[in-house]
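Each remark here refers to the structure printed beneath this line.
Just so it is clear, the values below take in all heavy atoms, side chains as well, and ignore hydrogens, waters and symmetry mates. Because the structure is a prediction, the values reported are computed rather than measured. Labels below follow one simple rule: chain letters A, B, ... track the order of the sequence lines, proteins then strands, and each chain is numbered from 1.
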2 protein chains.
Amino acid sequence: MPQGRGIDRSSYEPAYVQLVNILRGAIASGQYQAGDQLPTESELCSAYDVSPMTVRRAIGMLLDQGAVSTTRGRGTFVQPLRLATATFDLSEFHDILAEPGVTARIVEARVLPAGPRAAANLGVADGTHVVSIRRILQRGDKPLIYHRESLVYDPTRPTIESELDVTALRDMFEGGVGSGPKRGELILHASVLTDEEAGRLGLDPGSAAWVLEHIFYGYDEKPISWGCFICRGDLFSFRASVGAPAPEGEANAGARRNRR
Amino acid sequence: MPQGRGIDRSSYEPAYVQLVNILRGAIASGQYQAGDQLPTESELCSAYDVSPMTVRRAIGMLLDQGAVSTTRGRGTFVQPLRLATATFDLSEFHDILAEPGVTARIVEARVLPAGPRAAANLGVADGTHVVSIRRILQRGDKPLIYHRESLVYDPTRPTIESELDVTALRDMFEGGVGSGPKRGELILHASVLTDEEAGRLGLDPGSAAWVLEHIFYGYDEKPISWGCFICRGDLFSFRASVGAPAPEGEANAGARRNRR
DNA sequence: TAGTGGTCTAGACCACTTA
DNA sequence: AAGTGGTCTAGACCACTAG
């Protein structure tokens, strides 16, 4: 049983968060190692004088973090380090868009017949007219991201003008894409800049780049838009950690919920 | 209030899962749209005849999925689509390693003085001897991933031999890295193959590639290993979705075949 | 002040594993 | 048969938001 700490009932920190930190600390320090069994729920209940639901919630959080696994009838066991649990997010992109000096410059916006790839992805017949938008995200004069997008052309939905400024992109990350799309799929590719892309971004053709491809669907499950963000490989990378999170002594847990 | 469904107490599916599906369906169908307030917890309790904890758990899941946000004193509200909530995982790597015909071929394994980057990342003095391992992951004869790794040389820990076969890599994803490391950090870069890397992978120099860089730390918070997986950009991509997850009945059309 | 979600209690019954 | 985690109940008090 972890030593030296108990639950501080007067703390602003909920009991279940304290318990998570106690257990995670015991794992991080090697007191419980991969494969070891944690104390049973009832043991934890009596050891820390909390109710079963509180222990359950703490263990549930460790489960979500991949730190332990549970088997009904056997117990709770410390999980070994697994790369497969690592996840990457788009916070770097989001941070870029949130910066004050970042603007979007439209380099093309017109209605034209869809190419074969756009038609396939948008679920329309080859040659159907779609709205094509190309824009550069830049900080000052420095291009960061080149965005190409094709939207199904729907004259009854005049949202197009509102799609054109920076806030449209910012909203895509932060606040929602109009009220239209209900669901999106993203694919991240490694790529190398073509001549056109390199020209837009002011780099040499053949430079490393990310491509973040996206498709958005409406409530009817039909595609609304398809496009991709082409990002300088030298400016963006993705980070993740596995195992015991952040060695910083922060009491950062619990902050996962309730963003916004 | 969502219509037409109730909680089936005789189902193998827990009540809270059923409630999540009911609410998510109501959001996906547009019955509740971004910004709308969901029924309060007590309303849901009486509407579906379940206890507060069950409703709470269902809403907690929607919160984790980013589908709703909650504010104490105000209520529960449907979240708009936000790209920033998308996460990518390494399941493709994991799947590759799990395939039966995939093997690891050691192309180098020796003790040599650390270069400046390895020394810095491993936290040892420049020129300290480290174990350098380079291997190719291949399916049959086809190279998929080139892995370079440097391990701090510790004669007291003779785990080195066991690090050399396929299972060592598989375990890194699935089962854990020996019993040594406790924590790891990962960085994903977009890159372009150097001559040496291209030679190892049987591709042309300048091809697109992923580089997954990793550092593992032991219980003493000292680095144990540093290295990177260099992966063919044409074979790997990362997928994620935002908003209501893809419907069961496979309506995702062309999103699958697409590879830029 | 009324209503909301956030936390927590002290149990219960069940399915499952192990011996 | 004993012990484990998985689900669920029917409340409680609190902090916060709103009118």
Side-chain angles (χ1 to χ4, degrees), chain A residues 1 6-23 32 35-79 251-260, chain B residues 1 6-23 32 35-79:
Chain A
M1 191 70 57
I7 305 291
D8 175 8
R9 308 319 280 258
S10 67
S11 168
Y12 69 96
E13 233 181 7
Y16 70 91
V17 173
Q18 295 184 47
L19 187 49
V20 163
N21 288 335
I22 289 171
L23 294 173
Y32 298 111
D36 290 354
Q37 181 172 9
L38 286 190
T40 69
E41 300 192 349
S42 57
E43 282 171 348
L44 290 171
C45 284
S46 53
Y48 294 99
D49 195 29
V50 289
S51 82
M53 283 303 295
T54 304
V55 167
R56 199 155 253 330
R57 185 162 183 185
I59 289 177
M61 289 184 68
L62 293 175
L63 215 44
D64 284 344
Q65 296 169 4
V68 303
S69 69
T70 57
T71 310
R72 177 153 57 183
R74 293 213 313 133
T76 303
F77 300 87
V78 177
Q79 277 280 74
N252 53 352
R256 276 189 56 210
R257 306 204 150 183
N258 226 356
R259 3 199 129 178
R260 180 196 166 83
Chain B
M1 190 71 55
I7 304 292
D8 175 8
R9 309 319 282 256
S10 68
S11 168
Y12 69 97
E13 231 180 8
Y16 70 90
V17 173
Q18 293 184 49
L19 187 49
V20 164
N21 289 334
I22 290 171
L23 293 174
Y32 297 111
D36 290 354
Q37 180 172 8
L38 287 189
T40 68
E41 300 191 350
S42 57
E43 282 171 348
L44 290 171
C45 285
S46 53
Y48 294 99
D49 195 29
V50 289
S51 81
M53 281 304 294
T54 304
V55 167
R56 197 152 253 333
R57 184 162 182 185
I59 290 177
M61 288 183 69
L62 293 174
L63 213 45
D64 284 344
Q65 294 169 6
V68 303
S69 69
T70 56
T71 310
R72 177 152 58 182
R74 293 215 311 134
T76 303
F77 300 88
V78 177
Q79 278 279 73

Where do B:S69 and B:Q79 come nearest, in terms of heavy atoms and distance? N-CG, 3.7 Å
Evaluate B:I22 against B:Y48 for side chain to side chain contact (heavy atoms under 4.5 Å, CB included), listing each step before the verdict. CA-CA 11 Å; B:I22 290 171; B:Y48 294 99; 3.4 Å; yes
Relative to the 5' end of DNA chain C, which residue comes earlier, A:G73 or B:T76, by the nucleotide with the nearest heavy atom? B:T76
Note: for A:V50 and B:E41 on DNA chain C, the residue whose nearest nucleotide lies more 5' is B:E41
Can you tell me how far [atom2] of [N] sits from [atom1] of [X], to the nearest Å?
X	N	atom1	atom2	result
A:E13	C:dC8	CD	P	11 Å
B:M53	D:dT7	CE	C1'	11 Å
A:R9	C:dC8	CZ	P	7 Å
B:D49	D:dC8	CG	P	13 Å
A:I59	D:dT7	CD1	C1'	15 Å
A:F77	C:dC16	CZ	C1'	13 Å
A:Q37	C:dT17	CD	P	15 Å
B:R57	C:dG6	CZ	P	16 Å

Check the surroundings of atom CG in A:D49: do more than 12 heavy atoms from other residues, nucleotides or ligands lie under 6.0 Å from it? no
Phosphate oxygens OP1/OP2 of [N]: is one of them under 4.0 Å from a side-chain N or O of [X]?
X	N	result
A:Y16	C:dC8	no
B:T70	C:dG5	no
A:T54	C:dT9	yes
B:T40	C:dG3	no
B:R74	C:dA2	no
A:T71	D:dT4	no

Using Watson-Crick geometry (N1-N3 plus N6-O4 or O6-N4) or G-U wobble (N1-O2, O6-N3), each under 3.5 Å, D:dG19 is paired with none
Quick one: does B:E13's side chain have a donor or acceptor within less than 3.5 Å of a partner on B:D8's backbone? no
Would the distance check show the side chain of A:E41 and the main-chain N or O of A:V55 forming a donor-acceptor pair, the cut-off being under 3.5 Å? no
Is B:R56 side chain donor-acceptor paired with the C:dG6 base, going by distance under 3.5 Å alone? yes
